[in-house]
Amino acid sequence: MSSETRNSESYVEKPKTLAELREGIASGALKAADLAASYYERIEKVNPRLNVYLSLTKERALEQAAHVDEAAAKGNPLGPLAGIPVGIKDVLVVKGAPATAGSRILEGYHPPYDATSVTKLEAAGAVLLGKINCDEFAMGSSNENSAYGPVRNPVDTERVPGGSSGGSAAAVAANMAVATLGTDTGGSIRQPASFCGVVGVLPTYGRVSRYGLIAFASSLDRVGPFAANVRDAATLLGVIAGHDPKDATSSLAPVPDYALESGRPVEGLRIGVPAEYFGEGLEPEVRVAIEKGIEDLKAAGCTVKPISLPHTRYAIPTYYLVATAEASANLARFDGVRYGYRSKDSATLADMYRHSRDEGFGAEVKRRILLGTYALSAGYYDAYYLKAQQVRRLLAEEFLRAFAEVDAIVTPTAPTTAFKLGEKTGDPLSMYLADIYTVTASLAGICGVTVPCGTTKVGLPVGMQVLAAHLNESTAFRVARAVEAAQK
Ligand code: GLN
């Protein structure tokens with residue numbers, strides 16, 4: 001059983017809250033430049049063990065910190081993230097910094113522009129520390145698919161941090177950044193946040209611009225924040241959310257003050273608990289922790305209601321058809337010509353394509369391209385891809401019906417706590433099952449927050465997933481905040 005023992009080597013350290021840091025910076029008691037320097041020291045110390053950062057953006061960070069200090073000294077208005085050190089998952093582009101997406105195929109690629117979420121963070125005063133390790137092209141649930149080596153879980157270095165945004169979760173858990181950005185296509189923010197004991201947000205599809213995101217599966221990909229507490233995660237989302245003329249899929253809906261909303265009481269909220277998320281495969285200690293979290297919500301004045309989401313059982317095959325089909329199309333652009341890695345010594349153009357892709361992509365990415373190409377091929381399109389789209393619609397409708405009766409749905413974020421490095425690498429199917437509770441919301445386009453909800457006997461974190469209807473992040477934050485407040 002994966003949660004029986006835990007090694008004693010721990011790198012867990014809680015960052016100060018945004019409010020504390022911002023106050024220090026605004027009053028001049030804390031210099032953004034010193035704060036950035038202290039984070040680089042911490043990174044230098046622990047990165048060799050945890051393998052979180054792939055590259056650092058020191059020059060840019062120190063320049064931004066100096067701007068913030070200057071503004072603070074002059075008494076100029078400061079942004080909501082003034083001087084806050086943040087890290088960026090290496091699937092989002094930062095001008096001039098290497099963008100690897102955890103893949104060899106992008107080796108040497110230095111994008112000439114910034115992702116919109118990165119631009120927005122900096123405009124709010126954030127200091128970008130560097131680019132963070134992840135599974136190759138965000139495909140994975142353990143961060144073991146990175147071409148640059150796995151990330152270790154700061155809670156227990158023999159365990160995975162989850163994936164694909166494993167580095168982004170580990171960075172916050174180990175205080176190597178106050179907050180980070182990750183991406184979630186099928187669980188890649190929520191599952192690692194739960195494995196590392198931090199807060200992670202899956203914004204509604206379209207809530208956050210994806211301009212500058214290296215695409216995996218475009219009908220599913222979302223950008224979202226990680227932070228050490230719910231309020232800070234809400235503040236981050238408020239900064240990066242909103243319409244972007246550079247991303248036609250971004251929503252025009254106005255952006256609420258999520259941080260403020262997250263503090264509203266939960267009394268009277270109706271919480272749905274779907275039976276399908278508490279069945280076979282759920283680790284007993286995870287169940288106990290989530291049941292305790294549900295009791296805490298009752299004590300805070302919520303009404304808890306059992307619900308049923310019967311199509312949940314089709315979610316994994318549906319997700320792995322849609323995601324791989326879209327991945328096979330998105331990854332066709334990596335041909336050795338336009339970006340990064342190119343195989344040497346190919347006699348013909350076709351050989352150059354073939355060798356570059358063969359040498360540049362890792363095993364899991366190749367597996368996905370093969371599966372996806374098959375699902376889209378003429379003879380199988382109707383049987384696989386089209387069928388998956390139909391089931392996807394049913395899943396989404398099921399959630400819509402549920403949200404007519406409840407304000408939020410709570411589930412375990414993952415069926416287990418963090419598993420050991422190497423435990424699932426030989427068995428892709430068991431790795432895919434790690435996403436069983438997260439892919440549903442991905443397919444439905446709804447939003448959610450994962451919040452730490454107790455630990456197992458040996459101290460491994462458990463995460464509760466709080467789901468809410470499209471564009472109702474505020475409710476998810478409120479419920480998550482209530483769970484967080486009840487933790488000791
Ligand atoms: N683990 C899932 C996968 O491998 C989810 C990945 C993600 O959300 N980017 O597809």
Side-chain angles (χ1 to χ4, degrees), residues 88-92 100-103 132-146 150-151 160-169 180-196 200-203 205 208 210 213-226 315-331 361-372 375 388 392 413-416 418-419 423-425 427-448 450 463 465:
I88 309 293
K89 182 180 183 182
D90 205 8
V91 289
L92 286 159
T100 69
S103 182
I132 289 181
N133 204 350
C134 57
D135 281 306
E136 184 173 7
F137 287 103
M139 298 175 191
S141 309
S142 67
N143 220 124
E144 292 166 296
N145 295 336
S146 168
V151 171
V160 303
S164 67
S165 314
S168 301
T180 54
L181 291 187
T183 59
D184 192 312
T185 302
S188 279
I189 290 176
R190 291 162 286 159
Q191 184 252 24
S194 95
F195 279 15
C196 293
V201 183
L202 170 78
Y205 185 78
V208 177
R210 300 180 298 175
L213 167 64
I214 298 167
F216 162 11
S218 302
S219 77
L220 296 160
D221 292 342
R222 313 192 205 167
V223 177
F226 288 86
I316 288 277
T318 306
Y319 169 79
Y320 276 94
L321 281 167
V322 175
T324 56
E326 293 181 14
S328 73
N330 271 326
L331 269 53
F361 287 136
E364 181 61 26
V365 173
K366 286 179 190 162
R367 175 160 34 239
R368 306 262 179 134
I369 293 173
L370 288 171
L371 283 170
R392 180 178 189 177
T413 304
T416 68
F419 43 89
E423 193 179 314
K424 296 189 198 279
T425 38
D427 183 358
L429 271 184
S430 88
M431 190 72 93
Y432 295 172
L433 284 173
D435 307 324
I436 190 154
Y437 302 146
T438 47
V439 293
T440 47
S442 301
L443 289 163
I446 59 173
C447 63
T450 178
Q465 173 173 242

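Please read all numbers here as calculations on a predicted model, not as lab measurements. Atoms within each ligand, like the ligands themselves, are counted from 1 in listed order.
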Check your understanding: Going through the checks in order, is the side chain to side chain donor-acceptor pair (under 3.5 Å) test met by T450 and T413?
Key -> CA-CA 7 Å; T450 178; T413 304; 2.8 Å; yes
Problem - Any side-chain donor near an acceptor of the partner, S219 and E326, under 3.5 Å - result: yes
Chain-and-number sorted residues having a heavy-atom contact under 4.0 Å with ligand 1 are A138, M139, G140, S141, S164, D184, T185, G186, G187, S188, F216, Y319, Y320, R368, D435
For the pair Y432 and Y320, name the ring-plane relationship: parallel under 30°, tilted 30 to 60°, perpendicular over 60°. parallel
For L92, the side chain to side chain contact (heavy atoms under 4.5 Å, CB included) test, sequence neighbours excluded, returns I88, A115, S117, L181, L213, V223
Heavy-atom closest pair (P192 atom, F226 atom, distance to 0.1 Å) is CG-CZ, 4.4 Å
- Query: Is F216 close to T183 at the side-chain level, that is, under 4.5 Å between some pair of heavy atoms?
  - Reply: no
